[in-house]
Amino acid sequence: MAEEFTLSVWRGDASGGHEVEYRVPKETGMVVLDALHYIQHNLAPDLAVRWNCKAAHCGSCGAEVNGVPKLLCKTRMDDYAGQTVSVRPMKTFPVIKDLVTDVSWNYQVAQEIPPLAPTVPAPFNMQQIDADRVQEFHRCIECFLCQDTCHVLRDHHGRDKYFGPRFMVKIAEFEMHPMDGADRVPLLAHEAGVNMCNVTKCCTEVCPQHIRITDNAIIPLKERVADRYYDPVRMLLRRLSGRKKAADAPSSTSVAT
Amino acid sequence: MKQETYETLDYDIIVIGAGGSGLRAAVAASEGSGLKVAVITKSLLGKAHTVMAEGGVAASFGNLDAPDGWETHFYDTMRSGHFINNYRMVEIFAKEAPDRVLELESWGAVFDRTPEGRIMQRPFGAHTFRRLCHIGDHTGLELIRTMQYKAIHTGIDVFQEVTMTKLLISHGRVAGAFGYFRADGRFVLFRARAVVLATGGWGKVYKVTSNSWESTGDGAALAFRAGADLMDMEMVQFHPTGMVWPPGVRGILVTEGVRGEGGLLYNSEGERFMQRYDPERMELSSRDVVARSIFKEVQAGRGTPHGGAWLDISHKGPEYVKMKLPGMYEQFLTLADLDITKERFEVAPTCHYTMGGLRVEPETCATNIPGLFAAGEVACGLHGANRLGGNSLSDLLVFGRRAGMGAREYVAGGVALAEVDEAEIGQEMERVLAPFEREGGVNPYHIHERLQEIMTNHAGIMRSGEILEQGLQKVLELKEEARNMSIQGSRTYNPGWHAVFDVENMLLLSEGIIRSALERKESRGAHWRTDFPDELPEWQKINFVERYDGEAIRIRTEPVKEMPEYLAKLFTYGKAPGLVKQSEKKEA
């Protein structure tokens, strides 16, 4: 008999569900998404799983494999040789069905971020060294695995306090663009809640695009907020000049994890 | 069965499809117009097939090669399309591409730079000059993400994960579209004064394909059923370099950028075989030529262990490869356990692009149905018999914008919302729900797999009259069998149900491909017939146009429009216009 992999796939919807075991014939180089497609085509045609490109370019197939947020198209079955592979939907987002979750909140957040406001018309004169800094952020495929793993969103349900790592990367992309003239620091300090992040770097660890989210996006953004609102000299100047209201320090602080 | 209901949403303009052309159309339709515009997509926003584009966006800035200009881009595109392109589309395209790219830059796209701080351009197959603006090897991601964030700030409404099953026509003009939300299966009617189709191609009809699941030709099939003309359906591009091994990744794209950055092709005997097929352009010949060359090498017994050719970029050094081709490096490392900075790798042709599609007016992208516009891969005319790499991304921007403006002008003409026939909607809901009612019918996934097998064997890279005829019979039989597709489960996010409509669309378009391929009794561009191996001048004068009457596909020819003199002149120098000295031009 041909060799098989065993998968335990969460099946259900908003009202509840449980893991169901499936056996799938082994194929060289198989990824978890291949195994799920086999199940879908042959065993359970209504198995819901989002995917588009199957080449780690689109970021549609985020889920949790043996408890770890992963892209299903990039996770090899042979990484789990001899184990039952558990596949569950991303925990942070409400389930629609099986492995498909409602990620619409992310699209609402995206709308809150002011777009690039160039100070000069294109064509821009920009050196590669300046482009390098932001191009890292442009690699993001919006798989939302960082959002899924972020403690503020996952464990503390802090959607009303923090936009999450994905959108820190997006804000960083505009803020650090050499030609941008907009000011997103008040947004970061208040609605976007950059202070909520307590730098555990879990988002960086799960990023399939290897973006150094915490080091290169979040920490520099935190510094901008600190410079504006917590610089002791500026605080003193503000107090003396009485311009308090315009630059009120944000009230949110990070949560324990 | 309980009384089915549906929601009705009214818009001035709806755009179906949210790839590069759909988003660009929506921005053009909405920005400053005060019109109510919606974008409807079958997946999530930002996931459309545009995201897969890797190599770059072609625009003749001449940042590295100063003599480049629209004339040479026009020349390259017409030549690679083997002159059955619509010359006016190509002219508009070549002239407008640079402005569209700069627009993208001002909206946030950050292209790789030259030492002078301008947009970097890389060489690509059959482009005379270095012309592809790029961001490493993820240019499509940059384009779609930039357009996505631009679009959501222009006041449009976005409807994600919606399957459109029918395009509605009232008194000969477009009235809207009907379908359902995939998340819960609720029916929805979008009434609209104008509709822009930007639904991409149908590369999923082939087994080995670089296309994502979305490329099932929904827009083309919906419009075809509604009476729109399809053209050049025989023209399907097979990209020379898809991944070959392991089996699960077969067909995934290896960007032409690998060859653009200096990658070399070898056969199993270690020979740079392109010498035999195109000694001048070698690896950077046009896609149809390179794909056919690899195919011929494999047929001659000089293929790699899994039936392809070797591609090697390791001589450029790890640092360079990782900087210029980071996605390729990662893709091979993760999926094939192979380090492309150290080793050569196997590649083979993979279905990549459909040059055929809805016939449109060059200026406005209007189809033959009043109020219906189309742009991007679903439309036809720009690429002729073979698309140049990098031309599709600029196509999306140039004609996405024009389709949006076309729809906007049409609406400004004072056209009102058309009435929708209640009975027609009732019948459609019944049809869409029927697969749940049938018991013991055929599995839509299996029909799809069989269709892919047939199309790959009978209408693939190598064709002949006999093979195509057999293929046609098989497709027609499969179509009959597919009437009995059935599915289980509920209407909540049920991919089996969604697949039924994808498969119906692909079956119709597959028949269209084969019928057109049978008619074109010559070899031209991507269309290679072993029974008619030569390109024949008389066939350069016609395009094949198909129309569907609900029962059968009718096929007719239309003359290719002749270029005016100022364009025809560009082909009289014996070389690309940009390579001609001023003095030579005067003599000619």
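First the proteins, then the strands, lettered A, B, ... as listed; each starts at 1. All values below were derived from every heavy atom in this structure, side-chain atoms included, with hydrogens, water molecules and symmetry-related copies excluded.
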Inset, instruction - State, without any angle test, whether Gln128(A) and Gln135(A) hold a side-chain donor-acceptor pair at a distance under 3.5 Å. - result: yes

Inset, instruction - Would you mind checking which part of Glu214(B) comes under 4.5 Å of any heavy atom in chain A, side chain (CB onward), backbone (N, CA, C, O), both or neither? - result: side chain

Inset, instruction - Please state whether the side chain, the backbone, both or neither of Phe61(B) comes within less than 4.5 Å of a heavy atom of chain A. - result: neither

Inset, instruction - Measure Ser106(B) against the heavy atoms of chain A and call it side chain, backbone, both or neither at under 4.5 Å. - result: both

Legend entry - Residue part contacting chain A, namely of Ile252(B), when any heavy atom lies under 4.5 Å: side chain

Inset, instruction - Measure distances from His446(B) to the heavy atoms of chain A and classify the residue's part below 4.5 Å as side chain, backbone, both or neither. - result: side chain

Legend entry - Contact origin within Gln488(B) toward chain A - heavy atom pairs under 4.5 Å: both

Inset, instruction - Heavy-atom distances under 4.5 Å only: say whether Trp107(B) touches chain A with side chain, backbone, both or neither. - result: backbone

Inset, instruction - Identify whether NZ of Lys or CZ of Arg in Lys47(B) sits under 6.0 Å from the centre of the six-membered ring of Phe144(A) and within 45° of that ring's axis. - result: yes

Legend entry - Between CG on residue Asp98(A) and CZ on residue Arg50(A), distance to nearest 0.5 Å: 12.0 Å

Inset, instruction - With a 4.5 angstrom heavy-atom cut-off, could you sort out which part of Pro444(B) is near chain A: side chain, backbone, both or neither? - result: neither

Inset, instruction - Could you tell me which portion of Asp184(B) (side chain, backbone, both or neither) has an atom closer than 4.5 angstrom to a non-hydrogen atom of chain A? - result: neither

Legend entry - Segment of Asn443(B) engaging chain A (4.5 angstrom heavy-atom cut-off): side chain

Inset, instruction - Can you tell which part of Ala499(B) gets under 4.5 Å to a heavy atom of chain A, answering side chain, backbone, both or neither? - result: neither

Legend entry - Interface moiety of Leu102(B) toward chain A, non-hydrogen atoms closer than 4.5 Å: both

Inset, instruction - State whether Asp46(A) and Arg11(A) are salt-bridged, where the test is any N-O pair (Lys NZ or Arg NE/NH1/NH2 against Asp/Glu carboxylate O) under 4.0 Å. - result: yes

Legend entry - Which portion of Glu116(B) sits near chain A, non-hydrogen atoms under 4.5 angstrom: backbone

Legend entry - Which atoms of Tyr149(B) approach chain A - backbone, side chain, both or neither, heavy atom under 4.5 Å: side chain

